[in-house]
Each structure stands twice: as structure tokens, then as C-alpha cells.
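For reference, the structure discussed in these notes is given below.
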Amino acid sequence: MLQGCCPPAFLKVFCSTPVHAGLSLFAMLGPGREIFVDGWNSFKSGGPNMNTLVSLGALASFGMSTAAVMLPKLGWPTFFEEPVMLLAFVLLGRAVEERAKLRATSDMSALLNLLPPTARLVPKGVDDSNGGEYYRTVPTSVIQPEDTILVLPGDRIPVDGVVVKGVSQVDEAAINGEPIPRAKREGDEVSAGTVNCDGAITVRVVSSGEETQVAGIVRMVEAAQQREAPVQRLADEVSGKFTYGVMGASAATFAFWSTIGTKIFPKVLASAAVTGANAPLLLGLQMAASVLVVACPCALGLATPTAVLVGTSLGARHGLLIRGGDVLERTHTLDTVVFDKTGTLTVGRPVVRKCAVRHGLNEADVITSAAAVEKNSRHPLALAVVAAASGSLPDVDDDSFRQEPGAGAVGVVRGKKVAVGTLQFVTGGDTGSVPPEIATAASSSSPGRTPVFVSIDGRVAGVLEMEDEVRPDAASAIARLQKRGLRTVLLSGDRQETAESVGTSLGIAKGDIYGDVKPEGKAQLVEKLQSQGASVAMVGDGINDAAALAQADVGVAMAGGVGAASEVASIVLLGDSPSQVVDSIELSKATFAKIKQNLGWAFAYNAVGIPIAAGVLLPFTGLALTPSVAGGLMGFSSIGVMANSLLLQLTGKKLSKMPEPKEDRDGDDDNV
């Protein structure tokens, strides 16, 4: 340091002992008050916990420092910073965990927000035969069973009911996860929360409000959350015995050295540098205080929160939102991972996988003609056709575009009539006129693929095979899980043959693939696996997965899905990548391993430090720990725990990087 340089006077104030004592007292009476109150109440009830240990350590440090200030002849240093450090780290870890839990805990209002606030009520005895507006808009809450409502294209259906008039296609992905809309006509059932795609339908109400299927999912989720018991931290399992042990060791040390210890080993008084008539009492007090200080559970109290902080922050940098230390504890014991299909292992939108055209026609020209018609529609299959076309698309002639709900669309493109849709629609009912090459391609289509036919000027020109796009890393994620000995299961609300087609291609055993599963069925299957002794993770993305996510030991949600799924999930995959499921398990195992290492270090330190502080070596070597040395060892143990937790950063090298969204993926030869 340069001579003549000294810190400003106001900085000296912050280095003074009274300021340190005041800050320490403020930390204990302010932010740390709940810890002390809970620790004391737990101690009184005969079940001391981690808060009791933290309180004991903080009070021991503060008490010794106060004694050093009040009795300067003792020559003891002060370490008022120890209670502040201990409380700060413990409270910081709990604050981060509670913040995550608050985000995870929800009344599931997001699910009910799927229901539109208003509906188009058709009064009894009124129809549309006279033209004009024959309905009135009313709040959804007043709709009753047996009422009749009108649902226009693009509307979200507000009730569970039955179609009594009209034809359309309804997107039911929110309920069953199937990405391709289903045709609905008179007599078919529709569910609240689904979206009417392309035709006006009249629906007779069967149930509304709290009686709808969506409301039932809400109740299932809430019930599953109530069944989920909190996981007790590993440190809490031994904290009670440790607290009694430390207090007993301190009391025994004081009793021994203040009474018979100095008589059995008279030379220890000289070694400990204490004199006078009260020397045995002073020695006993010093040794008892050293036991309390050296056994201050800083390392024990920091073992879990520091590892959890490092692990969760590391996960966040790699696209994993992990909500608390109890999630890490449950995740590292998983043996079964259940995947939803749509939106999880697949992207959740159809793409054109294959195109077969009539002899003499060009594949690109057929797709361009079909896309020119379909660009006027917002149907998911229409969007897939448009995405498959390359270059600029021609426009259909004015007033030539016509769309038939549930069947297809037609328009005039460059002077030719182009129809796109079902075989019945594009052929006008004459299905026998299909060219053999097109018929062969359609009949040999893989299970789970949807054929879309194209006709030009009344002749079938080609067929496009549609399929939900599988995520590029899905197969490798399944293989990595199975390599680690985890069972993989596939659930889907889609057809069984479609689910099997996707699942077997990814390497999932056919016996572990379940199709046609309703939302409540997913939760029931997870519960069945748990009843067989399995520790289950459920990976999903939609409302139909919410109940199963809540039921599972660990719920994992894709961030790109519906918010309701993320709200009940324990882990959220911000990168929307199945490989992150493996990353979350590996990170949880590494973090929990660090927690156990930290606890092992803390207990080993106390197993060695407490006997030395109690004076085991004093009669033989003259070595006695003063409170100052004990305080130094206490700080060293805390530094060791934090340094070991920071080594968890090395695990980040093994984790996947967050995938960057790309509009086009190379190397997919099946995509047209």
C-alpha cells in the first residue's frame, strides 16, 4: 500500500465492530427472524430441523462475538459476519426456490381461459331461413344444456355438445393432441376449447361451464397436485439428531473441563494460557464455545441451497427451467419417461412427406397448383401444402375459389380448375377414375399419414401424403434414455396406428405405445405405472397433458406448448427439444451428487472438528482451539462447500446447447 494513502473516513465506519454487530443483529431480527422462530418452535416440539441448526450456528457466532466485545480481556476476536453470511445464503437459496414454486403453482385459470367469454345463442324456434342475424351474443356463463348455439369458422367452441346442423372440420389438438382436424357433421360430438376451422355449425349444448371436459381436466390437475407430498431435504433427515449432538457435546465439554478435566490433566491450564482461581471455569467456557462455533452448521446449511442455486442457474443457461431442489431429488430417481406424441416428439404440425403424380405431369407443378388454391385457406393441411411449394404462387381467378368444409377447396389457376381435398371431393364421386399409379401410392401410404388428392380439370393429378413432423433429435433422445436404463412410453390421443408408426420409428417398444388415449386416460396410465413401483416423468406440451403432468413424479413441459402445461410442470424445456429431457436427468443426478458430497464434507468436518474443539488433543499435544481458530475453520468449511458446488459448472459441458429455431432443415429427404 502506498504510504500516506488511507481510506475515506466514511469507509472506516463500515469497518467498525459496532456497525458489524448492528448489521448482524438486524439480519437475525429482520430477514432471519422466521428461521429463528421456526427453529425454536421445532426444538420445543421435539423435532429440530435445519432451521434449528442454522439458528444454533448463528447464535453461537453472535454470542461469542458479543462476549469478545463485552470482555476484551479474553482476547477473542469478533466474527459478526458469520451469522450474516449464513442467513444470506440460506435465504437466497430459499427465495429462488419459492419464486420458482410460485410460478409453478396455479389455480389453472389459463385452462378455463380457453373457453370464450361469449357465445352465439340461437333462440328456440328461430332459424336462418329468413336470412339476417338470427342469433344473439350472450355470456358463455348463461348457456344451459339443451340450448342451441352457432359456431362460425375460426371460433373456439365454448361448450361440450352435439352438431345438429352444418359440416366443418374441428381442430381438437387442445384436447386430444391430434394435429390434423377431424371432420364434424350432424350427430358428431364437439368439445369445449376446440377450434372450428372452416364451416358454420349449429351445436346443441350437452354441458357448459364447470361441467365441460376442460373443467374436468382442471379438477384432475388440482387433485393430482394435492396428492403430491413435498419431499424432505436430505439434510433435514439428520438435522434433529445433529442439533442434540452438538448441544450435548458442548455441555459435556463445559462440564468436563470446568470440573474434573483440569484435575486429571493439570498441565492443560498452562497450555491453554488461562490463569486464576476461575481458570477451570474459563477453560470450560472457552472449550464449550469453541465446540458450538466449530460445529456451526454453515457448511451443513449451505450444502443444499448452494448446489441447487448452481444447478438451476446452469440449467437455465442450457434451456432448462428447474423448479426447486425437491424437483432435483425426484428427477434423479426416475426410471420411466412417458412422452406425449404431438408437440413433444413431433412438432405438432403436418408436413408433406411424399408426392405421387400422374404419368406425364411434373411433381413441382402439381404442388404449385395445389398451393395456389390452398393459400386462401387457414386449414392446417392447407398450410402444409403451401409450405411444400417453392417460389411464388399464382393467384386463383376472381370469384373462383370455393371451400367445402370437411372436404376440400377448389379454384381456377391459370385457366385450369384445380381441386384439393378428399378423393370423393376432387373426383366428384367418381373414385373409379383414379390413375393406377395414384391408387397404388395412396393404398401403400404409411400408417398415420393423411392423403390429400389433387385434380386438374376433373382428372386426378396427384396425391400428397401428410404427416406430423418428427423432431430431429427425438430418436437420439429416446436412445440416450434407453441406454441409461430408463423405460420409454408413448401416449397419444391420436389413432393407435399413427402412434405406433411414430413410436416404433423412434425405437419405442410396441407394447409401450398407447393411442386413442383421452386426457384423463393419460393421468390414469401414469398413476398405474406409479402403483407398479415406477418413478415416472411425464413429458407433454398441451392442455390434454396437464393432468398427467401433475400426476407424474416429475412433470416436464415443452415451453412452446400451451401455458397451462408449463404451469403444472416441475421442469420446463425452454428449447422445445426432447434431448433436453436427458439433460435434465443428467443435471439432476449431478446436482444431487453434489448435495450428497457437500453433506458428506460437512459431517466429516464436524466429525473431526468437534472432538478437537472439545479438547481431545489438549492433554497430549497442548493443542486447543480458541474461538477465533474455530471461527476460521467454520469459514473454511463453508468455502469448501461453495467451491464444490461451483464445480457443478463442469457438468454444463455435457449438456446440449439450446437449439436455435430454423425455418428449413437440411438432410430430410422425405420432406417435399
Check for a donor-acceptor pair, side chain of [X] on one end and backbone N or O of [Y] on the other, with a separation under 3.5 Å.
| X | Y | result |
| --- | --- | --- |
| Ser531 | Lys528 | yes |
| Ser570 | Val554 | no |
| Glu467 | Arg353 | no |
| Lys518 | Gly493 | no |
| Asp541 | Met558 | no |
| Arg471 | Thr344 | yes |
| Thr591 | Ser588 | no |
| Lys589 | His332 | yes |
| Asp160 | Ala192 | yes |

task: Check the pair Glu469 / Thr346 against side chain to side chain contact (heavy atoms under 4.5 Å, CB included), numbers first and verdict last.
output: CA-CA 5 Å; Glu469 182 180 6; Thr346 66; over 6 Å; no

Would you tell me whether [X] and [Y] have side-chain atoms, one donor and one acceptor, within less than 3.5 Å of each other?
| X | Y | value |
| --- | --- | --- |
| Asp512 | Thr488 | no |
| Gln551 | Gln524 | no |
| Gln597 | Asn644 | yes |
| Ser535 | Asp335 | no |

Carboxylate-amine/guanidinium contact Arg449 Asp468, below 4.0 Å: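 Result for this pair is no, no salt bridge flagged.
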
- prompt: Salt-bridged, Glu586 to Arg484, with N to O below 4.0 Å?
  reply: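 Here Glu586 pairs with Arg484 in a salt bridge, since their nearest N and O are under 4.0 Å apart.
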
Do [X] and [Y] come within less than 4.5 Å of each other through their side chains, counting heavy atoms only?
| X | Y | value |
| --- | --- | --- |
| Phe339 | Leu481 | yes |
| Asp583 | Leu320 | yes |
| Val539 | Val338 | no |

Heavy-atom closest pair, residues [X] and [Y]:
| X | Y | result |
| --- | --- | --- |
| Ser207 | Thr212 | O-CG2, 3.7 Å |
| Thr342 | Asp340 | O-OD2, 2.8 Å |
| Lys184 | Asp188 | CA-OD2, 3.5 Å |
| Val536 | Ala552 | O-CB, 3.7 Å |

message: Tell me whether Glu497 at atom CD has more than 12 heavy atoms from other residues, nucleotides or ligands lying less than 6.0 Å away.
response: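 Yes.
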
query: Counting only heavy atoms not in Glu34, do more than 12 fall under 6.0 Å of its CD?
result: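 Open: at most 12 neighbouring heavy atoms sit under 6.0 Å from CD of Glu34.
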
task: Starting from the C-alpha separation in whole Å, work towards a yes-or-no answer on side chain to side chain contact (heavy atoms under 4.5 Å, CB included) for Val581 and Leu573.
output: CA-CA 8 Å; Val581 176; Leu573 308 181; 3.6 Å; yes

query: Does the side chain to side chain contact (heavy atoms under 4.5 Å, CB included) test come out yes or no for Val163 and Arg185, once each step is laid out?
result: CA-CA 6 Å; Val163 178; Arg185 49 182 51 84; 5.7 Å; no

task: Might you work through the side chain to side chain contact (heavy atoms under 4.5 Å, CB included) test for Leu490 and Leu345, ending with a clear yes or no?
output: CA-CA 9 Å; Leu490 175 63; Leu345 294 176; 3.7 Å; yes

